[in-house]
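What follows is a set of notes on a single structure, which appears directly below.
Quick note: residue numbers are just sequence positions, from 1.
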Amino acid sequence: MKHGLLIDMDGVIYSGETLIEGADKFIGELLKNDIPFTFMTNNSQRTRLDAVRKLRLLGIEVTENHIYTSAMATGKFLSDQGAHTAYVLGEGGLLTSLHENGISLVNTDPEFVVLGEGRNFTLEMVQRAVDMILAGAKFITTNRDPSPKKPGWNNLGIAATTAMIEEATGRRAFVTGKPSPVMMRSARKYLGLETAETTVVGDTMETDIQGGVQMGYKTILVLSGIAKKEDLSQYAFKPDLIVSSVDQIEIPLKWWPLGV
């Protein structure tokens with residue numbers, strides 16, 4: 001039985017543009033021991049190559065095969081649903097994934113309206129998306145990650161944009177990214193793992209840990225990002241392990257069989 005890891009990025013490996021101490025050594029150990037892992041990110045804006053380049057600048061050498069995004073989960077989901085057309089509010093990573101999955105990007109009569117992160121779409125484009133949904137298009141959003149609500153933040157936040165379209169249409173978006181089972185399951189299958197072989201490493205209770213718990217995966221919460229230890233008692237679920245940062249994770253994990 002092999003075991004592997006689904007690892008969040010921002011707040012786990014880096015914070016903004018700064019490497020979290022010890023993260024490079026942790027990933028190096030996984031690579032050295034041939035332990036299957038993928039970086040599982042809700043960011044649908046970046047391509048896999050963008051993610052690889054950012055990690056390289058921080059001293060972590062991985063390949064595109066080590067990246068799994070909500071854009072990839074969205075493209076696969078639409079393909080599995082037999083979709084052919086979509087109107088997209090989003091950028092590079094999402095556009096690339098939909099194209100790779102055979103989805104045509106259209107400006108009229110789409111089967112789906114797909115929302116991802118981005119700054120290049122206008123209120124006029126949002127209004128067009130609203131009209132399409134009211135006319136019968138299905139509404140998908142790659143995730144519901146909130147804005148960090150910090151002055152100077154350069155992205156409105158996809159949760160805010162999603163809420164605006166939901167209010168205007170009266171339709172609830174279907175979410176494909178974490179903690180949705182759509183992404184949690186497809187990321188595991190991407191690594192070729194079974195449920196009992198999968199561990200999620202993340203810094204947020206509402207996405208990484210909740211998604212892992214709901215899928216029956218083992219979970220590790222790191223306190224180097226969003227989650228605060230004093231807030232954990234408010235949740236009805238808990239991670240299997242809590243560490244201050246990934247450099248405190250001992251490989252092999254204690255729940256892995258001997259010899260893994």
Measuring only between side-chain heavy atoms, which start at C-beta, is [X] closer than 4.5 Å to [Y]?
X	Y	answer
K189	R185	yes
L94	V88	yes
V126	L89	yes
M205	P239	yes
L232	L221	yes
D24	L19	yes
L31	H66	yes
I27	F37	yes

Enclosure of [X] [atom1] (heavy-atom neighbours >12, cutoff 6.0 Å):
X	atom1	value
E230	CD	yes
Q214	CD	yes
Q234	CD	yes

Scan side-chain atoms only and decide if [X] and [Y] contain a donor-acceptor pair under the 3.5 Å cut-off.
X	Y	value
T141	T162	yes
Y217	E197	no
N143	E117	yes
D247	S245	yes
Y87	T108	no

Look at the side-chain heavy atoms of Ile, Leu, Val, Met, Phe, Trp and Tyr, link any pair under 4.5 Å apart, and say whether [X] and [Y] land in one connected group.
X	Y	result
L105	F121	no
L115	F77	no
I249	M9	yes
F26	I35	yes
V213	Y235	yes

Item to check | Test log, rule side-chain contact (heavy atoms from CB on, under 4.5 Å), inputs E21 and V246 | outcome: CA-CA 9 Å; E21 187 175 356; V246 289; over 6 Å; no
I need the [X] [atom1] to [Y] [atom2] distance, nearest 0.5 Å.
X	Y	atom1	atom2	value
D145	T204	CG	OG1	7.5 Å
R128	I133	CZ	CD1	13.0 Å
T69	R48	OG1	CZ	8.0 Å
L78	T176	CG	OG1	7.5 Å
T85	N107	OG1	CG	11.0 Å
L30	N33	CG	CG	8.0 Å

To check you understand the geometry: which heavy-atom pair defines the closest contact between [X] and [Y], and what is its length?
X	Y	result
A137	P110	CB-O, 3.5 Å
I226	D203	N-OD2, 2.9 Å
G75	L98	CA-CD2, 3.9 Å
M72	I67	SD-O, 3.6 Å
M215	M184	CG-CB, 3.5 Å
G177	M183	CA-SD, 3.7 Å

Closer than 4.0 angstrom, basic N to acidic O: yes or no for [X] and [Y]?
X	Y	result
R171	E166	no
E61	R56	yes
D8	K178	yes

Item to check | Cationic tip of K54 above Y14 ring, under 6.0 Å, 45° of axis | outcome: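 Because its charged atom sits under 6.0 Å from the ring centre and within 45° of the axis, K54 does stack over Y14.
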Any sub-3.5 Å donor-acceptor pair from [X]'s side-chain atoms to [Y]'s backbone N or O?
X	Y	value
T74	S70	yes
Y190	A73	no
S15	T18	no
E111	H84	yes
R188	L193	yes
S97	A71	yes
N101	I103	no

Checklist entry - What class does the angle between the rings of H3 and W256 fall in, given that below 30° is parallel, 30 to 60° is tilted and above 60° is perpendicular? => result tilted
Item to check | Trace of the side-chain contact (heavy atoms from CB on, under 4.5 Å) decision for D131 with Q127 | outcome: CA-CA 6 Å; D131 288 343; Q127 181 63 61; 3.3 Å; yes
Next on the checklist: Apply side-chain contact (heavy atoms from CB on, under 4.5 Å) to residues E91 and N120 and explain how you reach the verdict.
Outcome noted: CA-CA 8 Å; E91 297 181 10; N120 293 328; 3.2 Å; yes
Item to check | Full working for ring-ring contact (aromatic ring centres under 6.0 Å, His included) between F112 and F139 | outcome: CA-CA 6 Å; F112 290 85; F139 181 29; over 10 Å; no
Next on the checklist: Checking side chain to side chain contact (heavy atoms under 4.5 Å, CB included) between Y68 and each of T41, L6, T38, which is the one that passes?
Outcome noted: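 So the option named by the test is T38.
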Checklist entry - After noting the C-alpha distance and the side-chain angles of L241 and W255, does the key distance pass the side-chain contact (heavy atoms from CB on, under 4.5 Å) rule? => result CA-CA 11 Å; L241 179 65; W255 49 80; 4.0 Å; yes
